[in-house]
**Student:** 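Take this structure first; my questions come after.
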Amino acid sequence: MTAFPTVDCTVYPYECDAFGHLNEAAFLALFERARWESLARGPGMDVFRRSGVWPAVRKAIIEYRAGAYPGDVLRVETLVTHRGTTSFTLKHVATRVGDGVLISEAELVFVCIDSIGRATPIPQEIARLLGPRTGGGRTGGGDVLRVETGGAVLAVEVRGEGLPVLFVHGFPFDRSMWKHQLAALARYQRIAPDLRGAGASTAPVDGYSMSRYADDLVAVLDAAGVDRAVVCGLSMGGYVTFELLRRHPDRVHALILCDTKAEADSPQARHGRDELAALAERAGATAVAERLLPQLLAPATHTAQPEVVQQVKAMIAGTSVAGLVGALHALRDRPDSTALLPQIRVPTLVLGGADDQIAPPAVMQAMAAVIPGSQFATVPSAGHLAPLEQPLATSRRLADFLGALA
Ligand code: MLT
């Protein structure tokens, strides 16, 4: 993912309100100042004008995390989280230089328009500046390691420095489901593999199991030079995390269990796995996407976030049939992990979408209740993919948990 030069902005008294805080409306101006300053330090502030286009803001999402005051110096990181044909998305993260506190995060979607306001393709010079296209919602960019393990080659994104956090995606997804958290949690080392058979990793024809996936994660940590990590697993990523805890407990510093459950499949669910594998072999990954989509996302996501629906659909449709079938066999045959829960001795956050149909909040809460000292939280207006459906709220819960660990 492309990063613009980091810019430090001092908070001026005239930007603050009667209570002495940097005013909420002034944050957008501050982020704008940081953007133009980055351009001034790079290609020049006239880069748009000389290319004959203008970046119009189509959408802005902003989260206020802590107050800022006159004289505070805010460090603004700017990352390109998406680049399409005519549009691109920038994420700004402001932290206070004095104490490292996260002050605000914002995501802005821009559309390139021409002189009469029509959307127009991003000109080459600007495209080069923004970095590679991110079609299908793949995160793109970043340091991507290739890790050979057990007959597969895994693609592993590694970003930043600090406490290592290993992000393990669910089924049938890939590491791009964590793209917002990989961008937002800038104070941590983020390690996000595509599991075997998913994303940009290779897909061996057989040999898939929870224990194989868990051993793959050890190879990933070894390749990144990490002894112990906070392991953040979503759904199947949670099942793999349980297996990692059983097989390699010394590699787990803390746990984040997202939209997951400890029980093994019922006989009926096992039958459903075989049926879905047969559908994948007969009709391909797109048919699997059509079958799964209705239950994956919250009703609010289906109606109000068509781009998220599209990303999830593209992510599933892009998975190889061998990867789908292998994962379904691993899911079908996974062991029950309920007996493990009371033995967990690391700090644990259990986090789920309030509208998750696959790992409903009541199941998640019951799981949290038997993990000693664990925390439980839900993300409103999110289904099974809270990190994509409600990225800011999810990242905030993760940042709170990680901040307390650090
Ligand atoms: C997942 O998201 O990983 C799946 O929903 C897991 C499952 O089907 O049990």
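Note that ligands are numbered from 1 as they come in the structure, with each ligand's atoms numbered from 1 the same way. Keep in mind that this is a model prediction, so the values were computed, not measured.
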**Student:** Would you mind running through ligand 1 and noting each atom that sits below 4.0 Å from a heavy atom of Tyr239?
**Tutor:** 6 (C), 7 (C), 9 (O)

**Student:** Does Asp206, at its CG atom, have more than 12 non-hydrogen atoms belonging to other residues, nucleotides or ligands within less than 6.0 Å?
**Tutor:** no

**Student:** Suppose I only count heavy atoms of Gly170 and a 4.0 Å limit; which atoms of ligand 1 are within that range?
**Tutor:**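 Going through ligand 1 atom by atom, the ones under 4.0 Å from Gly170 are 3 (O).
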
**Student:** Can any side-chain N or O of Thr301 pair as donor or acceptor with the backbone N or O of Leu297 at less than 3.5 Å?
**Tutor:**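 Absent.
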
**Student:** Check whether any side-chain heavy atom of Leu74 sits under 4.5 Å from a side-chain heavy atom of Leu22, and report yes or no.
**Tutor:**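 Heavy-atom side-chain distance check passes, below 4.5 Å.
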
**Student:** Can you tell me if Arg247 has over 12 outside heavy atoms packed within less than 6.0 Å of its CZ?
**Tutor:** yes

**Student:** When you measure from the side chain of Thr348 to the backbone of Val346, do you find a donor-acceptor pair of N or O atoms at a distance under 3.5 Å?
**Tutor:** yes

**Student:** What about Ser235: any of its N or O atoms under 3.5 Å from an N or O on ligand 1?
**Tutor:** yes

**Student:** For Arg273, is the nearest heavy atom under 4.0 Å from an atom of ligand 1?
**Tutor:**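 Within the 4.0 Å threshold, so yes.
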
**Student:** Using a strict 4.0 Å cut-off to heavy atoms of Phe173, name the atoms of ligand 1 that fall inside it.
**Tutor:**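 So the atoms of ligand 1 that pass are 2 (O).
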
**Student:** Could you check atom 2 (O) of ligand 1 against the protein and tell me its nearest heavy-atom contact, residue, atom and distance included?
**Tutor:** His384 NE2, 2.8 Å

